[in-house]
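Following: one structure in structure tokens, then a few remarks.
Worth knowing before you read on, the calculation uses all heavy atoms, side chains too, and leaves out hydrogens, waters and symmetry mates.
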Amino acid sequence: MEQPLQQTIALLARTPATLDAFLRELPDSLTRQNEGGDTWSAYDIVGHLVYAERTDWMPRVKMILEFGETRAFEKFDRLGQVRESQGKSLEQLLDEFAGVRAENLDELRALNLQKEALNRLGRHPSLGVVTLSQLLATWAAHDLTHLHQLSRIMAHQYRDAVGPWSAYLGVLKCAGHSEP
């Protein structure tokens, strides 16, 4: 089912404030912890969202509108945030994300996309042909995926402390849903 563009924009507009309310001023002991191994922390997630905001969503919107399916998107570096976030505090990343997201949504609104444009085709380097509408829906679902991941990571830090209540806390049983 295709999602209405204004609904997608409304959801995308709320992500920075949601992250800010949840994470700002929390200690590093909560925001820099991950679930072990190569998993991400809250800090990593915010850095990833900043990086994706700069290099993925609007550049791909523009590629679809300019080139259609004749030119594939640039491959996305899923770990690009490691380099880009270096030396920045979580608060700086939250501020950066809010700013770049606002700019991108202003730019998206200014395009005044109509049904014909939303049905335009683009080419993903591994998925093949996609529509602009699918890209925009994916942008929103990507935010929601990382909000889900964030709650799971934060809950993971309480897994031992909750004792037997872990039996009732589904978030502690969730292993994630995204493929690497």
Side-chain angles (χ1 to χ4, degrees), residues 1-24 40 42-81 84-85 90 93-155 170-171 174-180:
M1 180 177 120
E2 190 173 298
Q3 293 298 317
L5 180 58
Q6 294 312 314
Q7 178 178 303
T8 298
I9 290 172
L11 191 142
L12 291 169
R14 284 164 174 73
T15 304
T18 301
L19 289 170
D20 195 83
F22 192 50
L23 297 173
R24 188 172 295 273
W40 288 359
Y43 177 88
D44 296 326
I45 291 169
V46 177
H48 169 77
L49 290 169
V50 171
Y51 183 74
E53 205 65 23
R54 291 199 185 287
T55 64
D56 193 47
W57 305 112
M58 284 307 296
R60 288 180 174 191
V61 167
K62 292 174 191 174
M63 281 193 72
I64 288 174
L65 294 174
E66 186 174 346
F67 300 106
E69 61 183 298
T70 65
R71 192 163 143 197
F73 303 147
E74 296 294 320
K75 190 170 167 114
F76 180 70
D77 179 1
R78 292 185 65 235
L79 299 175
Q81 79 273 5
E84 298 287 324
S85 299
L90 178 60
L93 291 176
L94 289 166
D95 292 342
E96 192 174 343
F97 180 58
V100 73
R101 173 60 63 89
E103 290 169 13
N104 279 347
L105 292 182
D106 286 346
E107 191 174 352
L108 183 61
R109 286 182 193 100
L111 291 172
N112 194 28
L113 297 170
Q114 303 301 313
K115 188 163 182 69
E116 181 180 312
L118 292 170
N119 289 329
R120 290 214 35 164
L121 302 177
R123 183 166 302 279
H124 187 277
S126 60
L127 301 174
V129 176
V130 296
T131 67
L132 179 54
S133 180
Q134 290 169 333
L135 173 67
L136 297 173
T138 300
W139 190 359
H142 179 262
D143 276 16
L144 294 169
T145 295
H146 287 299
L147 289 170
H148 168 80
Q149 179 187 25
L150 181 63
S151 68
R152 190 186 76 233
I153 291 166
M154 301 296 276
V171 70
C174 181
H177 310 287
S178 298
E179 296 292 323

Any chance you could measure [X], atom [atom1], to [Y], atom [atom2], to the nearest 0.5 Å?
| X | Y | atom1 | atom2 | result |
| --- | --- | --- | --- | --- |
| K75 | S126 | NZ | OG | 6.5 Å |
| D44 | L90 | CG | CG | 10.5 Å |
| L19 | I45 | CG | CD1 | 8.5 Å |
| K115 | R120 | NZ | CZ | 15.5 Å |
| N119 | I64 | CG | CD1 | 11.0 Å |
| W40 | L150 | CH2 | CG | 12.0 Å |

Side chain to side chain, [X] and [Y], heavy atoms closer than 4.5 Å:
| X | Y | answer |
| --- | --- | --- |
| T131 | L118 | no |
| L79 | Y51 | no |
| L136 | I9 | no |
| R60 | F76 | yes |
| V130 | L121 | no |
| E107 | K62 | yes |
| T55 | D77 | no |
| N104 | L12 | no |

Please report the shortest heavy-atom distance between [X] and [Y], naming the atom on each side.
| X | Y | result |
| --- | --- | --- |
| L93 | V50 | O-CG2, 3.5 Å |
| F73 | H124 | CD1-CA, 3.7 Å |
| S151 | V171 | O-CG2, 3.9 Å |
| A117 | L132 | O-CD2, 3.4 Å |
| H142 | A52 | CE1-CB, 4.4 Å |
| P16 | R101 | CG-CG, 3.7 Å |

Fill in: Donor-acceptor contact present, side-chain R123 to main-chain A72, <3.5 Å
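Not confirmed, R123 side chain does not pair with A72 backbone.
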
Worksheet item: Taking only residues two or more places apart in sequence, or in another chain, which ones meet F97 in a ring pair (Phe, Tyr, Trp, His ring centres under 6.0 Å)?
Response: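 Partners of F97 under the ring pair (Phe, Tyr, Trp, His ring centres under 6.0 Å) test: none.
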
Fill in: Candidate pair E66 and R71, rule salt bridge (Lys or Arg N to Asp or Glu O under 4.0 Å), full reasoning
CA-CA 9 Å; E66 186 174 346; R71 192 163 143 197; 5.7 Å; no

Discussion item. Please determine whether the number of non-hydrogen atoms from other residues, nucleotides or ligands lying under 6.0 Å from atom CD of E74 exceeds 12.
Written reply: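 Counting other residues, nucleotides and ligands, CD of E74 stays at 12 neighbours or fewer.
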
Fill in: Any pair counted as salt bridge (Lys or Arg N to Asp or Glu O under 4.0 Å), so long as it reaches residues 5-23, sequence neighbours left out
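Counting only pairs at least two positions apart or across chains, the salt bridge (Lys or Arg N to Asp or Glu O under 4.0 Å) contacts touching residues 5-23 are D20-R24.
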
